[in-house]
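Structure first, then comments.
These numbers were taken from a predicted model, which means no experiment stands behind them.
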Amino acid sequence: MSAPAPDTVFFLSDYGLRDEFVGVVHAVLARLAPHARVIDLTHDIAPFDVRAGAGALVRVLPHLGPGVVLAVVDPGVGGGRRALALASGPGPGPRFFVGPDNGLLVPALESTGDVTKAVALAPAPVAGATVGPVTFDGRDVFAPAAAALCLGADPGSLGDPVVATSLVRVPAAVCEAGTLADGRHLLRAEITWVDRFGNGQLAAPAVEIPDHVAEVEVRLENSPPGVAGDLGAWRRVRSYTELAEGEPGVLGDGNGRLALVVRQGSAQLRFGVDAGGLVQLVW
Amino acid sequence: MSAPAPDTVFFLSDYGLRDEFVGVVHAVLARLAPHARVIDLTHDIAPFDVRAGAGALVRVLPHLGPGVVLAVVDPGVGGGRRALALASGPGPGPRFFVGPDNGLLVPALESTGDVTKAVALAPAPVAGATVGPVTFDGRDVFAPAAAALCLGADPGSLGDPVVATSLVRVPAAVCEAGTLADGRHLLRAEITWVDRFGNGQLAAPAVEIPDHVAEVEVRLENSPPGVAGDLGAWRRVRSYTELAEGEPGVLGDGNGRLALVVRQGSAQLRFGVDAGGLVQLVW
Amino acid sequence: MSAPAPDTVFFLSDYGLRDEFVGVVHAVLARLAPHARVIDLTHDIAPFDVRAGAGALVRVLPHLGPGVVLAVVDPGVGGGRRALALASGPGPGPRFFVGPDNGLLVPALESTGDVTKAVALAPAPVAGATVGPVTFDGRDVFAPAAAALCLGADPGSLGDPVVATSLVRVPAAVCEAGTLADGRHLLRAEITWVDRFGNGQLAAPAVEIPDHVAEVEVRLENSPPGVAGDLGAWRRVRSYTELAEGEPGVLGDGNGRLALVVRQGSAQLRFGVDAGGLVQLVW
C-alpha cells in the first residue's frame with residue numbers, strides 16, 4: 001500500500017461499560033499496536049442490535065479521519081458467521097473496517113465508497129491471546145486484525161478473500177414518500193434512533209420536507225397502548241430555537257435527517273417516540 | 001502568545017455515553033489537532049443541568065494541568081445563546097475555556113483568575129464538518145475551536161470580542177451562616193452534588209464548621225413526603241474512618257466542602273439527601 | 001531497575017462514570033506523568049465490591065502488556081487500611097500494582113507471579129494535590145504513586161516496606177468437586193460474575209466438566225422466592241453456536257471458566273443467575 005498505515009482505531013460495540021470487555025480490547029490494541037490511538041465511538045449499542053450499530057456508524061463516518069473502524073455487535077458471536085476485514089476506496093475517512101459479517105459494517109463503508117477488498121479473518125487467534133476454549137472475538141480476533149492493519153498489513157494477508165456480493169446486509173429502514181388522494185404529501189419513515197435527550201431520528205433525509213413547509217401532521221403507526229397515535233400538527237423548524245420550551249417540532253438534525261424533537265424536553269417520554277416505530281408525516 | 005500551545009483538552013458534557021456524541025467530538029479533535037490528548041472529565045451531567053456542570057468544573061479545576069476546557073451543557077443548543085472561547089490569566093491550570101454562554105464556564109475560570117479575553121465564536125462551522133441544516137455545536141463549533149487553540153490560535157482570531165461583564169452567570173448556590181437566638185450557630189446551605197456513593201456535598205466550605213465541633217443537628221428543608229426533615233444529631237468528623245459502618249456524619253470532603261455522608265452507605269438513599277435541596281446545620 | 005519504566009496505566013475502580021472521579025484521576029496522571037497512556041479497564045465495579053474488582057483484574061491480566069495496574073475499590077477509603085504499591089516478578093504483563101490493602105490487588109498479581117516488593121504508600125499527598133481536609137485517595141495518593149512508577153521510581157522509594165504475608169486477602173470463591181453416592185459427579189461453585197449480557201461465570205475452570213459430557217443438571221442453591229432452584233438438564237457446549245436461540249447451556253467461556261449462558265438471551269433474567277449465588281452441577 002502506498003498510503004501510510006492507519007494510526008487510529010474507531011471502536012464501537014454493544015459491550016457496555018459495566019464489564020471489562022472494552023478495557024481488554026483497548027489493552028490488546030495497545031500491546032499489539034502501541035502507536036495507535038483508540039477512539040471510542042460508543043459501547044452502549046443495545047445488546048445484539050446490529051441495525052442500531054450500523055446506523056451509528058453511518059452517522060459518525062463523515063466526521064472520522066483516516067483509520068480502522070473496529071465494530072462489534074454480534075448475536076452470532078463464537079461461530080456461525082464470518083469475521084471480516086474490509087477495505088474501501090480512497091477517501092478522507094477510514095479505509096478499513098473490521099467486525100462480524102452480519103450487516104454491521106457495510107452501510108457505513110458504502111456511504112463513502114465501495115468495498116475494494118474483503119477477507120474472512122482466519123479463525124486462528126493470535127498466539128497467547130486466548131485463555132479459554134471459546135474465543136472472545138473482540139479481544140482475540142477483531143482487535144488483533146485491527147492492530148495488524150495499523151502495523152501496515154494488507155487486509156489480504158489476514159484471511160481468505162470474500163466476494164463482496166456475499167456480505168450479509170441488514171434490511172434498509174423504511175422511508176417511503178407519496179401523495180394522498182387530497183394532494184397532500186405523505187412521508188412514512190422508520191424511527192431509527194432515539195438519543196439520550198429523547199429526540200427521534202427518522203430514516204428520512206431532511207430535504208424530504210422542504211424548509212418552507214410550516215406544519216406537518218405527525219402520526220405514530222401501531223402506537224403502544226396508552227399512547228395516542230395522532231400527535232397533531234407539529235411545526236417544521238430549522239432550529240431548536242424556533243420552538244418554545246416544551247414545544248414539539250419536526251427538525252432537520254445534525255445528521256441531515258428529519259427528527260421528532262421537543263425543545264428542552266423528550267419526544268420519547270412525551271409522545272412515545274421509540275426506535276423501530278413507524279411515523280407518518282403529512283403536509 | 002509566548003506560552004506554548006496547549007496539548008490537552010479537558011472535555012465535560014451532558015451528552016451521556018449511550019449515543020455517539022462524545023465519540024464524534026473525540027474524532028473531530030483527533031482529526032483537527034492530532035497531537036492533542038483528550039481527557040474526559042465526565043459526560044453524565046444531567047441533561048441541560050448547567051449548574052451541575054459548572055459545579056463539576058469548579059471541583060476538578062485545581063487538579064488540571066495546562067490545556068483547554070471544552071464543556072457543553074446546553075439547553076440553548078442550536079441558537080439563542082452565544083458560543084464562547086474564553087482565556088484566563090496565567091496559572092498552572094487550563095488557560096482556555098470553550099463552550100456555551102450560559103454560565104457553565106465562568107465559575108471554574110474565575111476560581112483561578114479573571115477573564116482576560118472573551119470572544120463569541122463565529123457561527124460559520126469548519127468546512128466539511130456539518131452535514132445537516134442544524135449544527136451539532138459540540139462537533140461543529142466547540143471542538144473545532146478547541147482544536148484551533150491547541151494549534152496555537154489566539155482566541156481573538158476565532159470570533160468577535162465579548163465584554164466580560166456581559167457573560168451569562170448562573171445564580172450562586174445558597175450558603176448562609178448566622179446565629180440563632182439561643183446563641184447556637186446556623187448554617188443554611190444548598191446540596192449542590194450527590195455523587196455515585198450517595199454523599200451529599202454542600203455549597204459550604206468545610207471551615208464553616210470547625211473541626212472541634214463534636215455534633216451538628218441536621219435538618220432538610222422541604223423534605224419530600226415520607227422523608228423526615230429532622231435528621232437528628234450527626235457527628236462532625238474529619239474522616240470516614242471516625243464513623244462506624246452505616247453511621248451518618250458531617251465531613252469536610254476531598255473538595256474542601258462540607259458533605260453529608262454515611263460510611264459505606266448512601267446519605268441519598270437513607271435520608272433523601274438530593275441535589276438542589278437545602279440543609280440547615282445547627283451547632 | 002534495568003527494565004524500562006512503564007508507560008501504561010491500567011485503571012479499574014468503582015467510581016462509576018456519573019461523577020468526575022475518573023476524569024480527575026486521568027488529569028492527575030497526565031499532569032504528573034505526561035508520557036503515560038491510561039487504559040480504563042472498567043469503572044463500574046459495584047460500589048465497595050472488592051471481590052468483584054479483584055475478579056475482574058484476574059480476568060484481564062493475561063491480556064495486559066507491561067505497565068502499572070491502578071485499582072481502587074475501597075470501602076475503607078480515607079483511612080483504616082494501608083495504601084499499597086506492589087511489584088511482581090518479571091513477566092510479559094504489568095509488574096506494578098497500586099491500590100488499597102483490602103484484597104483487591106493480590107489475586108491478579110499472584111496469577112502471574114509472586115509479590116517481590118510491597119510498600120505502604122506514605123500518607124503525605126503530593127504537594128498541591130489536595131484541597132480538602134480529607135484526601136480523595138485515588139486522586140491524591142494512588143494516582144501520584146502510579147505516576148511516580150511511570151517516571152521510573154522504585155516502589156521502595158514510595159513508602160515503608162510491608163511484609164507480603166501481611167497483605168489482606170479476600171476469601172476465595174467456592175469451588176468444590178466431588179462424587180455423589182450414585183457415582184455421578186457434583187461440582188458446587190460460586191457465581192462470581194454476571195456480565196452485561198446476563199451470562200453467569202462460575203469460579204470453576206472449564207476443564208472441571210470435560211467437553212465430552214453431553215448434559216449437566218443445574219441447580220441454584222438458595223434461589224430467591226419465585227425462582228426455581230432446579231433449572232433442569234442443560235447441554236454442555238463448547239460454543240454458543242451449538243445452542244439454539246434462547247437455549248440455555250453450560251459453556252467454557254473466554255476466560256477459561258464455566259459459565260451459565262443462554263444463546264442471545266440472559267441467564268440472569270431467565271433463571272435468576274446472580275453474582276454471589278451458588279450453583280450445583282451434576283453429571
Side-chain angles (χ1 to χ4, degrees), chain A residues 11 13-38 40 43-50 72-82 100 102 123 125-141 143-144 147, chain C residues 7-8 10-12 16-17 22 37-46 52-53 55-67 92-94 193-199 201 205-207 211 237-243 245 251-259 261 263-266:
Chain A
F11 183 17
S13 76
D14 66 348
Y15 290 163
L17 295 174
R18 203 183 82 180
D19 308 299
E20 72 271 15
F21 302 128
V22 169
V24 167
V25 168
H26 274 252
V28 170
L29 290 167
R31 183 161 53 81
L32 299 180
H35 72 292
R37 172 205 315 248
V38 184
D40 295 299
H43 298 291
D44 271 347
I45 300 296
F48 309 142
D49 191 343
V50 175
V72 193
V73 179
D74 200 5
V77 65
R81 56 96 192 96
R82 294 180 294 197
N102 60 14
V126 165
T130 304
V131 298
V134 164
T135 54
F136 165 21
D137 283 356
R139 181 191 71 194
D140 303 331
V141 177
Chain C
D7 62 0
T8 304
F10 302 102
F11 183 18
L12 173 143
L17 294 175
V22 169
R37 172 203 316 247
V38 184
I39 292 179
D40 296 297
L41 297 174
T42 181
H43 299 291
D44 272 346
I45 300 297
L57 288 177
V58 169
R59 290 192 300 270
V60 302
L61 211 76
H63 307 285
L64 306 184
W193 175 43
V194 176
D195 70 20
R196 170 188 217 201
F197 302 98
N199 303 307
Q201 189 180 74
V207 292
D211 281 349
V237 294
R238 298 163 54 105
S239 155
Y240 282 95
T241 51
E242 296 178 36
L243 297 168
E245 192 172 326
L251 179 75
D253 72 5
N255 299 116
R257 308 279 179 78
L258 289 173
V261 308
R263 185 165 186 196
Q264 287 179 243
S266 165

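Heavy-atom pairs under 4.5 Å with chain A were tallied for C:I45, C:T42, C:T8; the largest tally goes to C:T42. Taking chain C as the reference chain and counting heavy-atom pairs below 4.5 Å, the highest number among A:V28, A:D19, A:D14 is found for A:D19.
Relative orientation of the A:F21 and C:F197 rings is tilted, given thresholds of 30° and 60° on the angle between their planes. Using cut-offs of 30° and 60° for the angle between ring planes, the A:F11 and A:H26 rings count as tilted.
Across all non-hydrogen atoms, the minimal contact from C:G67 to C:F10 is CA-CE1, 4.1 Å.
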C:D40 and A:L17: CA distance, side-chain angles, deciding distance, side-chain contact (heavy atoms from CB on, under 4.5 Å) verdict:
CA-CA 10 Å; C:D40 296 297; A:L17 295 174; over 6 Å; no

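With a 4.5 angstrom heavy-atom cutoff, C:L41 touches chain A via backbone and side-chain atoms both.
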